[in-house]
Amino acid sequence: MAMTAAVARRGQPFRLEACELAAPRAGEVRVRLLACGICHTDLSARDHDRGTVLPAVLGHEGVGVIEALGPGVSEFALGEHVLMSFGSCGQCSKCRDGAPGYCHSAALGFRGIRADGSSPLSLNGQAITGHFFAQSSFATHAVASINNMVRLAPDLPAALMAPLACGVQTGMASVMIALAARAQDSIAIFGCGTVGLAAIMAARIVGCRDIIAIDIVDERLQLARELGATHTINSSREAAGKALRGLGGVTRALDCTGLPEVVQTAFHALQSQGVLVCVGVSKPGSQISIDLGALLYAGRSIRGSIEGDAVPRDFIPRMVDWYREGRLPLHRLVATYAFADINQAVDDMLAARSVKPVLIMSET
Ligand SMILES: [Zn+2]
Ligand SMILES: [Zn+2]
């Protein structure tokens with residue numbers, strides 16, 4: 001079928017173009033998009049070499065309505081509303097172990113193609129990368145894998161649900177699953193974009209004793225405080241390491257920046273047996289230097305995490321419940337844009353004018 005997609009080319013603005021979408025195969029459905037969030041990962045795939053062959057259609061926080069089922073699909077029905085999270089094969093040892101974020105099938109992530117190397121999307125008669133995170137949702141329609149799909153009640157607002165697919169899931173699951181934060185913890189969260197602010201909301205739900213937000217933008221820190229941070233540090237004005245030591249250090253830390261110097265600061269702010277989880281995407285080749293004594297004798301841990309170790313089918317319904325209970329004020333993060341204004345949305349995100357831009361493909 002003919003559809004419109006925002007085509008990405010290296011270092012260039014997105015361009016809405018007429019594309020051709022093939023029928024869904026077994027294990028797939030065609031979704032008519034209502035909304036899709038923009039994540040830094042999309043820009044990284046466009047502007048850095050992360051294995052995504054360009055031109056490509058990106059977008060991996062899609063919400064929409066199922067309008068065609070692949071052969072044999074019985075788990076979902078026509079007309080159902082769904083949220084598309086990250087892709088996973090559902091069959092490898094990691095998927096079977098409840099760790100789909102570490103699925104062996106890399107094709108389903110940044111490479112943006114099916115496991116067999118094919119793509120459902122073509123432009124001017126040529127196949128292009130069109131299965132990014134098993135969806136490619138910067139488009140009016142997507143052929144997506146059902147493995148990463150979660151059903152949504154139709155009354156839920158698509159624009160607010162979209163970031164649950166990646167950014168909000170990553171922040172909340174990092175606190176609740178990867179860091180396994182508890183009420184007695186003091187937690188430092190470095191970087192107050194969507195992921196960091198979602199982490200703060202999660203730390204508030206957990207009831208962490210101290211929730212310390214670190215960023216360089218005062219407005220973001222103000223928002224962090226309103227969402228649950230008990231302390232804020234503007235690290236452009238004050239040394240975060242010293243300020244954290246002044247607070248006695250922390251038992252848990254989350255880095256959402258991917259900046260080596262920030263990761264080092266976070267590590268050294270840990271109390272004995274403290275844990276640091278890194279979720280920020282760093283520049284290729286980034287390295288950190290840590291004192292092995294500070295690792296060993298204090299029993300500290302440092303590890304990375306994809307999507308906070310969440311299993312979308314388990315964790316997304318929990319986030320929806322918190323949203324319905326009023327404990328997840330997603331409207332504080334989301335700014336909506338018409339699909340055609342995708343480049344404005346990107347500019348606003350990069351300039352910190354919007355926390356989480358969400359594109360609206362259709363109101364109904
Ligand atoms: Zn897998
Ligand atoms: Zn993402």
Side-chain angles (χ1 to χ4, degrees), residues 6 8 27-28 35-48 50-52 56-63 83-116 131-138 142 144-150 161-174 178 191 193-199 254-258 278-282 304-316 319 330 333-334 342 345-346 349-350 354-359:
E28 296 177 344
C36 184
I38 302 178
C39 178
H40 284 279
T41 298
D42 298 306
L43 303 183
S44 188
R46 183 187 70 178
D47 299 335
H48 302 122
R50 300 229 171 246
T52 313
V57 174
L58 308 172
H60 61 284
E61 288 185 338
V63 175
L83 173 67
M84 292 170 272
S85 191
F86 60 90
S88 59
C89 77
Q91 285 158 16
C92 72
S93 59
K94 290 296 174 189
C95 285
R96 286 200 312 267
D97 279 354
Y102 310 98
C103 173
H104 294 316
S105 188
L108 297 172
F110 271 109
R111 281 185 63 207
I113 49 178
R114 295 187 180 109
D116 69 0
H131 205 54
F132 188 70
F133 283 62
Q135 53 185 289
S136 286
S137 285
F138 289 163
S145 160
I146 60 168
N147 283 344
N148 51 324
M149 212 163 268
V150 177
M161 295 298 106
L164 301 184
C166 179
V168 169
Q169 173 164 258
T170 297
M172 296 197 76
S174 290
T194 299
V195 175
L197 292 169
L254 180 68
D255 175 68
C256 311
T257 73
C278 298
V279 295
V281 176
S282 54
S305 174
I306 295 293
E307 303 273 345
D309 298 354
V311 176
R313 282 205 184 164
D314 299 335
F315 199 67
I316 288 171
M319 292 191 286
L330 296 166
L333 308 186
V334 167
I342 181 169
V346 168
M349 180 170 81
L350 293 177
S354 298
V355 177
K356 170 55 80 176
V358 174
L359 304 169

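Each ligand, and each atom within it, is numbered from 1 in the order the structure gives.
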### Message
Side chains of Leu197 and Lys356, heavy atoms from C-beta outward: is any pair under 4.5 Å?
### Response
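They are not in side-chain contact.
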
Distance-only, no hydrogens or angles: does the [X] side chain make a donor-acceptor pair with backbone N or O of [Y] under 3.5 Å?
X	Y	value
Gln135	Gly62	yes
Asp309	Ala178	no
Arg96	Gln91	yes

### Query
Counting only protein N/O/S, how many atoms fall short of 2.8 Å from the Zn ion (ligand 2)?
3

### Task
Quick one: give me the number of protein N/O/S atoms under 2.8 Å from the Zn ion (ligand 1).
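Protein heteroatoms (N, O, S) closer than 2.8 Å to the Zn ion (ligand 1) number 4.
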
### Task
Pick out which of His60, Gln169, Glu61 makes a side-chain hydrogen bond (donor to acceptor under 3.5 Å, both in side chains) with Ser85.
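So the option named by the test is Gln169.
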
### Task
Could you list the residues that satisfy side-chain hydrogen bond (donor to acceptor under 3.5 Å, both in side chains) with Ser282, not counting sequence neighbours?
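Scan of Ser282 (side-chain hydrogen bond (donor to acceptor under 3.5 Å, both in side chains), adjacent residues dropped) gives none.
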
### Task
For Glu28, check side-chain hydrogen bond (donor to acceptor under 3.5 Å, both in side chains) against everything at least two apart and list the hits.
Arg114

### Task
Provide the closest heavy-atom pair for Met349 versus Leu43 in the form atom of the first, atom of the second, distance.
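Scanning both residues completely, I find the closest heavy atoms to be CE-CD1, 3.5 Å.
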
### Separation between CG of Asp255 and OG of Ser305, rounded to the nearest 0.5 Å
12.0 Å

